[in-house]
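Throughout, residue positions are numbered sequentially from 1 according to the sequence presented. None of these values were measured; they are calculated from a predicted model.
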Amino acid sequence: MGRPFGTGDRHGDWNGSTNGSTNGNRQMEEGMEAMNAGKGGMENLDTPYVLIDLEKVERNINRLQRIAERNGVGVRPHSKTHKLPEIARMQLGAGAIGQTAAKLGEAEAMADAGVRDILVAYPIVGVQKLQRLVQLAQRAEVTVAVDSLAVAAGISRAASEVAGLTIGLAIEIDCGFRRVGVASIEAAVELGERIRPLPGVRLRGITTFAGHSYDARAEEIRRVAEHEGRMAVEAAEALRRIGFAIDIVSAGSTPSSPYTAEVAGITEVRPGAYVFGDLMQVEIGAHRLDDCALSVLCTVVSRPEPHRAVIDAGTKVLTSDGGDSPIGTGRGYVIGHPGIEVAWLTEEHGMLTLPPEEQGLAVGDMIAVIPVHACGVINTVDEVAAIRDGEVEAIWKVTARGKSR
């Protein structure tokens, strides 16, 4: 059994690239105080253990939902970030219209949990996956993103084997990220014409993803997002002109969604990381440090020198995704202790550098670390602790963990 270390957050009112109150920092402090007091059994968690702060999750969900509703668009959050049916239900309860899945396995996990409107934002290729897609489409409304006739035709053949089954398709268009997607509006129209005669499928949407918004900052993010939205809308209008009933015009990531939602004609946005936040989002100004809802509870296992400590979480939990913390704290941010640097990681060890005022840290002490990239962290663990006011409210199984097929 460990003991949480320290309480005060001397980082002041730093909150990423936006101004705001220190309420989030105070809640961090109070959570650590509650841990010191032994409330809710958090001190009995076998570390490393991923913590989900429910109050912050609710705040993050509601903030984005309000932006979308103000602009008359839906929110279809990306389940690849949380992989938790419980979080999906929170999003749906706040007004989300469905879920987005990166892979078919995630979509199956969400459908198993009762989600009935799912966009699979990935080309489905291969006999086994097509068989699974057909099974999934018989218990949920599924739309699949495609960028080639080959993918669309495969879905068509599989769907046609089931009487009365029609699977929705959305053409993905590349708005500048250069990953997947047809290269132009003209190419989207051409693909639409080739999809038109296929049985068992219905072209109903356009999707795009400005992944390059993660390389932008401030007003540049707005410019990228507006281009993303306009390209999707123009492609949808071009398809409508040739007779397609396009009812899904889908775009937006965590950094771009607040701006993409303002583009007239967008019907939905698809943020993922917004629900937890992480240091990557803080760095680009898309999230406040105070609102980061996922952290990793760790135990100090070694104190080799006064200025060095080692925790029981390395790359197998905190991952090696992304760059160092934008606030000079290395590979993570220790809640309540901004002077501590998560200097470097190996697979099972996290090496800390301690300033003089933090050298009271002892073997057995527990600290909570906000990671650089939350999406990778959630996929490393079987379960998470949902906390509220510093107390463990529930233990949740990460149902979609490892669902990469």
Under the criterion side chain to side chain donor-acceptor pair (under 3.5 Å), I'd like the reasoning laid out for Thr166 against Arg202: C-alpha separation, chi angles, the key distance, then a yes or no. CA-CA 7 Å; Thr166 300; Arg202 176 172 73 89; over 6 Å; no

Side-chain donor-acceptor distances from residues 398-405 under 3.5 Å, at least two apart:
{"unit_1": "Thr399", "atom_1": "OG1", "unit_2": "Lys397", "atom_2": "O", "d": "3.4"}
{"unit_1": "Arg401", "atom_1": "NE", "unit_2": "Asn379", "atom_2": "O", "d": "3.1"}
{"unit_1": "Arg401", "atom_1": "NH1", "unit_2": "Asp382", "atom_2": "OD1", "d": "2.5"}
{"unit_1": "Arg401", "atom_1": "NH2", "unit_2": "Thr380", "atom_2": "O", "d": "2.9"}

Ignoring hydrogens and geometry beyond distance, is a side-chain donor-acceptor pair present between Ser256 and Glu228 at under 3.5 Å? yes

Side chain Ser160, main chain Ser156, donor-acceptor under 3.5 Å: yes

Residue pair Arg139, Asp112: steps toward the salt bridge (charged side-chain N to carboxylate O under 4.0 Å, His left out) verdict: CA-CA 9 Å; Arg139 58 195 181 97; Asp112 289 344; 2.9 Å; yes

Taking atom CD of Glu305 as the centre, report whether more than 12 heavy atoms of other residues, nucleotides or ligands fall under 6.0 Å from it. yes

What I'd like to find out is whether the side chain of Leu133 reaches to under 4.5 Å of the side chain of Val142, using heavy atoms alone. yes

Nearest 0.5 Å, what's the CD-CG distance between Gln135 and Leu104? 9.5 Å

The single option from Arg76, Gln91, His78 passing side-chain hydrogen bond (donor to acceptor under 3.5 Å, both in side chains) against Gln99: Gln91

Run Leu279 and Tyr333 through side chain to side chain contact (heavy atoms under 4.5 Å, CB included) and show every step you take. CA-CA 8 Å; Leu279 297 183; Tyr333 173 81; 4.1 Å; yes

Salt-bridged, Arg63 to Asp291, with N to O below 4.0 Å? yes

Between Val269 and Leu64, is any pair of side-chain heavy atoms under 4.5 Å apart? yes

Looking at every non-hydrogen atom in both residues, tell me the closest pair between Ile118 and Ala107 and how far apart they are. CD1-O, 3.5 Å

For Ala343, is there any backbone N or O sitting under 3.5 Å from a side-chain donor or acceptor partner on Thr353? no

Compute whether any side-chain donor of one residue and acceptor of the other, for Gln281 and Tyr274, lie under 3.5 angstrom apart. no

Evaluate the side-chain proximity of Ile311 to Val301: yes if any heavy-atom separation is below 4.5 Å, no if none is. no

Side-chain contact, heavy-atom cut-off 4.5 Å: Leu191 with Leu149? yes

Ile52 side, atom CD1; Trp396 side, atom CH2 - distance, nearest 0.5 Å: 7.5 Å

Closest heavy-atom pair and its distance - Val233, Ala264: CG2-O, 3.5 Å

Closest heavy-atom contact between Val146 and Val151? CG1-CG1, 3.6 Å

Determine, for Arg222 against Glu219, whether the closest basic-nitrogen to carboxylate-oxygen distance falls under 4.0 angstrom. yes

Taking C-beta and beyond as the side chain, do Ile173 and Met231 meet within less than 4.5 Å on heavy atoms? yes

What's the separation between atom CD1 in Ile367 and atom NE2 in His337, rounded to the nearest 0.5 Å? 8.0 Å

Test your reading of the model: is there a side-chain donor-acceptor pair from Arg303 to the backbone of Gln359, 3.5 Å cut-off? yes

Contact between Val127 and Gln131 at the side-chain level, heavy atoms closer than 4.5 Å - yes or no? yes

For residues His287 and Asp278, determine if any side-chain heavy atom of one lies less than 4.5 Å from a side-chain heavy atom of the other. no

Arg204 vs Thr143, test: side chain to side chain contact (heavy atoms under 4.5 Å, CB included). Steps then yes/no. CA-CA 8 Å; Arg204 60 175 305 200; Thr143 303; 3.4 Å; yes

For the pair Ser79 (side chain) and Thr100 (backbone), establish whether a donor and an acceptor sit closer than 3.5 Å, ignoring hydrogens and angles. yes

The reported gap from SG in Cys292 to CG in Asp53 (rounded to nearest 0.5 angstrom) is 10.5 Å

Does some side-chain heavy atom of Met42 sit less than 4.5 Å from a side-chain heavy atom of Ile387? yes

Can any side-chain N or O of Thr81 pair as donor or acceptor with the backbone N or O of Ala273 at less than 3.5 Å? yes

Between Asp174 and Phe177, is there a donor-acceptor pair closer than 3.5 Å when you use the side chain of the first and the backbone of the second? yes

Which atom pair, heavy atoms only, marks the closest approach of Ala159 to Gly200? CB-O, 3.3 Å

Does the Glu190 side chain pair with the main chain of Glu186, one donor and one acceptor, at a distance under 3.5 Å? no

Would you sort out whether Ile67 and Ser257 count as a side chain to side chain contact (heavy atoms under 4.5 Å, CB included), showing the intermediate values? CA-CA 9 Å; Ile67 292 171; Ser257 283; over 6 Å; no

Residues, nucleotides or ligands: over 12 heavy atoms within 6.0 Å of His212 NE2: yes

For side chain to side chain contact (heavy atoms under 4.5 Å, CB included), just list the numbers for Ile206 and Leu239, CA-CA rounded to whole Å, side-chain angles, deciding distance to a tenth of an Å, and then say yes or no. CA-CA 9 Å; Ile206 281 284; Leu239 288 167; 3.6 Å; yes

Ile378 CD1 to Thr319 OG1 distance, which is reported to the nearest 0.5 Å: 12.0 Å

When rounded to the nearest 0.5 angstrom, what distance separates CD1 in Ile87 from NZ in Lys83? 13.5 Å

Report yes or no: is the cationic atom of Arg196 (NZ for Lys, CZ for Arg) under 6.0 Å from the centre of the six-membered ring of Phe244, at an angle within 45° of the ring normal? yes

Check this for me: does any side-chain nitrogen of one of Arg116 and Glu141 sit under 4.0 Å from a carboxylate oxygen of the other? no

Any side-chain donor-acceptor pair under 3.5 Å between Thr299 and Thr47? yes

Shortest non-hydrogen contact from Val317 toward Pro48: CG2-CG, 3.8 Å

Looking at Lys56, is its backbone amide N or carbonyl O close enough to the side chain of Asn60 to form a donor-acceptor pair, meaning the two atoms are under 3.5 Å apart? yes

Heavy-atom pair of closest approach, residues Ala152 and Ile195: CB-CG1, 3.9 Å

From Val189, Thr208, Asp147, Leu203, residue fulfilling side-chain contact (heavy atoms from CB on, under 4.5 Å) relative to Ile171: Leu203

